[in-house]
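Presented below is the structure to which this report refers.
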Number of protein chains: 2
Amino acid sequence: MTVTLKEVAIRAGVSRSAVSRTFTEGASVSAKTRAKVEKAAVELGYSPNALASSLTTGRTKLIGLVSNNFHNPLFLEVFDLFTRGLQERGLRPLLVNLSAETDPANSVRMLRQYSVDGVIVASSTLPPSFAEAFRDVGIPVVHSFGRYTSSPQVHVVGIDNIACGRMAAQRLIATGSQRVAFLGGPEKATSTQDRERGFLEVMASRPDIATTVSYASAYSFDAGRVEMARLLQSTPAQAYFCGDDVLSIGALSAIRDAGLQVPEDIGVIGLNDMAMARWENINLTTIRQPIAEIIGASVDLVVGTIDQPERHPETRLFPCRIIERGTLRPLA
Amino acid sequence: MTVTLKEVAIRAGVSRSAVSRTFTEGASVSAKTRAKVEKAAVELGYSPNALASSLTTGRTKLIGLVSNNFHNPLFLEVFDLFTRGLQERGLRPLLVNLSAETDPANSVRMLRQYSVDGVIVASSTLPPSFAEAFRDVGIPVVHSFGRYTSSPQVHVVGIDNIACGRMAAQRLIATGSQRVAFLGGPEKATSTQDRERGFLEVMASRPDIATTVSYASAYSFDAGRVEMARLLQSTPAQAYFCGDDVLSIGALSAIRDAGLQVPEDIGVIGLNDMAMARWENINLTTIRQPIAEIIGASVDLVVGTIDQPERHPETRLFPCRIIERGTLRPLA
DNA sequence: AAGTAAATTGCAACCGGTTGCAAAAAGACG
DNA sequence: CGTCTTTTTGCAACCGGTTGCAATTTACTT
């Protein structure tokens with residue numbers, strides 16, 4: 001069924017090298033030979049074996065796309081953008097679903113076996129060490145949605161979560177609330193920690209405003225709803241910064257079920273601005289994370305590092321901005 | 001950086017074959033040799049090159065996962081289940097995002113270049129011919145969420161969309177509505193056509209109930225909302241069967257914005273039962289499509305066909321059932 | 001301990017390509 | 001037309017593994 005270079009060579013009456021050369025960019029072939037080869041190739045339905053050629057060229061054009069976020073709808077948008085971005089550059093995503101795994105060993109071994117040219121770790125919850133495990137074995141890697149470090153060991157692309165926390169705090173202060181709160185995702189997620197830090201940093205300057213902090217067990221609807229329901233049993237805050245949109249939507253569900261009005265009784269601001277946030281029946285005020293830019297930069301960086309392996313690790317953070325919708329009292 | 005079999009052989013003081021054999025299931029190696037090789041391998045950090053071995057074994061353990069549904073949140077669940085199902089069997093998903101492409105030629109060429117062992121086409125909107133293009137070049141293929149045919153050319157796993165249409169019609173009749181309607185997805189999607197057909201088949205037996213049909217331009221929130229808003233401008237039906245959950249949610253948004261009550265004024269039943277459907281603030285009555293079973297069967301079938309290429313194409317349809325929630329008047 | 005059967009090992013060819021090098025062909029020039 | 005360049009071509013070795021086969025070792029029998 002599979003037709004090889006040798007058969008094309010025979011049919012075209014040329015050497016195997018000639019066939020190889022007509023299919024390699026920039027190789028030296030005369031127009032006449034190329035024509036003969038191409039004719040034979042289409043007649044036989046030949047297409048070169050990318051894996052075999054990778055053996056000698058050292059390039060597979062395979063990129064490992066590693067993630068543990070298969071439950072947050074934002075990540076469907078993320079996968080869409082990544083796969084398209086990679087495909088446009090002639091690269092192929094080899095998808096790795098970590099589920100609850102946090103040890104990089106398996107992924108590293110597996111992606112090494114497949115000789116991927118590079119790896120993109122797409123996760124806001126994994127620690128920097130995860131991506132570093134790839135660098136340690138010499139695979140170009142980018143951590144997308146990862147944590148900023150002043151002396152990065154690997155490329156990191158994402159947002160300044162601390163700045164987002166500050167931005168959220170300022171926005172909540174502007175509502176005139178007397179009690180505000182941070183409702184984070186999993187306590188050990190780097191994104192949660194950073195957002196909280198920025199939030200509390202600003203709130204520290206306003207001791208007159210009561211500030212509380214709590215965590216949902218996951219970046220999920222259920223976790224947000226459960227945690228908010230718990231908060232509603234005692235005196236809740238008047239405005240919440242939720243660590244993620246889907247968490248916010250869960251929280252909103254609990255708030256409305258308790259018979260409270262949004263944003264009058266309780267206001268909510270989320271983070272991400274996933275597609276669903278602008279659905280009219282959700283209409284979530286949120287901090288927009290520019291995922292298209294983040295993903296574009298991630299792909300650029302991984303490609304750049306493949307071409308230039310000694311490149312210094314860099315951090316690219318994109319600015320976020322508040323998208324005003326209906327879940328937070330408007331500014332005066 | 002990359003350590004090869006040869007280097008392990010030298011360090012272990014054995015032949016290259018011996019090293020190869022210790023890493024191949026069921027090959028003949030003595031315990032002593034194996035121990036020497038394994039020791040050398042860990043010392044060197046060796047792991048075999050899956051691509052190189054695929055050259056001789058003819059197996060890459062790569063499975064092409066082809067889809068054009070990167071905007072329907074259901075498909076995040078689908079990708080989660082597929083990637084996990086494949087990984088559990090030691091297979092690796094090579095993801096292909098078709099975007100709006102409907103010509104299989106590119107995907108076929110690309111996946112052939114990577115010598116995938118099999119392909120899964122995950123789409124409810126692509127025609128059977130798409131998957132058949134893979135079979136035509138001898139690649140084992142399964143069309144998941146595809147259309148049933150009496151003499152299938154490729155494996156199809158999914159649901160009986162016609163039966164779902166019937167089921168929905170009967171359920172809507174049971175609400176006692178005088179006007180019911182089908183609000184489908186894209187008119188050319190096979191799933192839309194089949195669901196409509198089943199729906200109308202049942203409604204034909206009830207000429208006393210006014211039945212109408214219309215289509216949204218996509219299986220998306222916006223398309224559902226826009227189409228429902230249009231319908232609301234004249235006399236809408238009292239109960240709608242929407243071709244998909246996300247479409248239903250869009251429709252519900254339009255209905256509520258028009259100041260109408262659900263399910264009192266207008267009822268809605270969706271299809272899929274995606275995770276979001278049971279969110280308390282959505283609480284959508286819907287027809288549950290058993291995606292875990294569909295995906296499990298798809299993976300089984302593709303694996304089975306790899307082992308046994310001459311296997312006859314088969315169709316596996318899974319039963320659906322109605323999940324009663326809050327968007328349709330309960331049965332008497 | 002010799003003889004036979006079974007298990008293990010290495011050789012060498014092969015999987016489907018690529019590429020450095022030298023030979024051959026084509027083109028440029030006087 | 002002969003000479004010198006430049007381009008094109010094929011040979012052969014190689015990429016990192018696997019595997020049939022024959023030779024060697026080991027294990028069993030008696």
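Reminder, nothing fancy here: chain letters follow the sequence lines and each chain counts from 1.
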Rounded interatomic separation in angstrom, taking [atom1] from [X] and [atom2] from [N]:
X	N	atom1	atom2	result
B:K32	D:dT24	NZ	P	17 Å
A:K6	C:dA13	NZ	P	14 Å
A:F23	C:dT18	CZ	C1'	14 Å
B:N49	D:dC15	CG	P	13 Å
B:E7	D:dG17	CD	C1'	13 Å
A:K36	D:dT9	NZ	C1'	10 Å
A:R21	D:dT9	CZ	C1'	7 Å
A:L5	D:dC15	CG	P	19 Å

Could you check which of [options] has an atom nearest any side-chain atom of [X]?
X	options	value
B:S17	C:dG17, C:dA12, D:dG17	C:dA12
B:V29	D:dC15, D:dG17, C:dT9	C:dT9
B:L55	D:dG16, D:dT18, C:dT9	D:dG16
B:V14	C:dG17, C:dG10, D:dT18	C:dG10
B:S20	C:dG17, C:dT9, D:dT18	D:dT18
A:S30	D:dT8, C:dG10, C:dG17	D:dT8
B:T4	D:dG17, D:dC15, D:dT19	D:dG17

Exactly one candidate in B:T125, B:T315, B:N161, B:D194 meets side chain to side chain donor-acceptor pair (under 3.5 Å) with B:R147; the answer is B:D194

Donor-acceptor contact below 3.5 Å, side chain B:S47 vs main chain A:Q113:
no

Quiz item: Considering only heavy atoms and no angle criterion, is a donor-acceptor pair shorter than 3.5 Å present between the side chain of B:R16 and the base of D:dG17?
Solution: yes

### Message
I'd like to check A:S107 versus A:L98 (side-chain heavy atoms, cut-off strictly below 4.5 Å). Are they in contact?
### Response
yes

Practice task
Count the heavy atoms belonging to other residues, nucleotides or ligands that lie under 6.0 Å from NZ of A:K36, then report whether that count exceeds 12.
Solution key: yes

Q.
Once you measure the plane-to-plane angle for B:F75 and B:F79, does it fall in the parallel (<30°), tilted (30-60°) or perpendicular (>60°) bin?
A. perpendicular

Taking for B:G13 and for B:A52 the nucleotide of DNA chain C with the nearest heavy atom, the one nearer the 5' end belongs to B:G13

For [N], take OP1 and OP2 only and decide whether either is under 4.0 Å from a side-chain N or O of [X].
X	N	value
B:Y46	D:dG17	yes
B:S15	C:dG10	yes
A:S28	D:dT8	yes

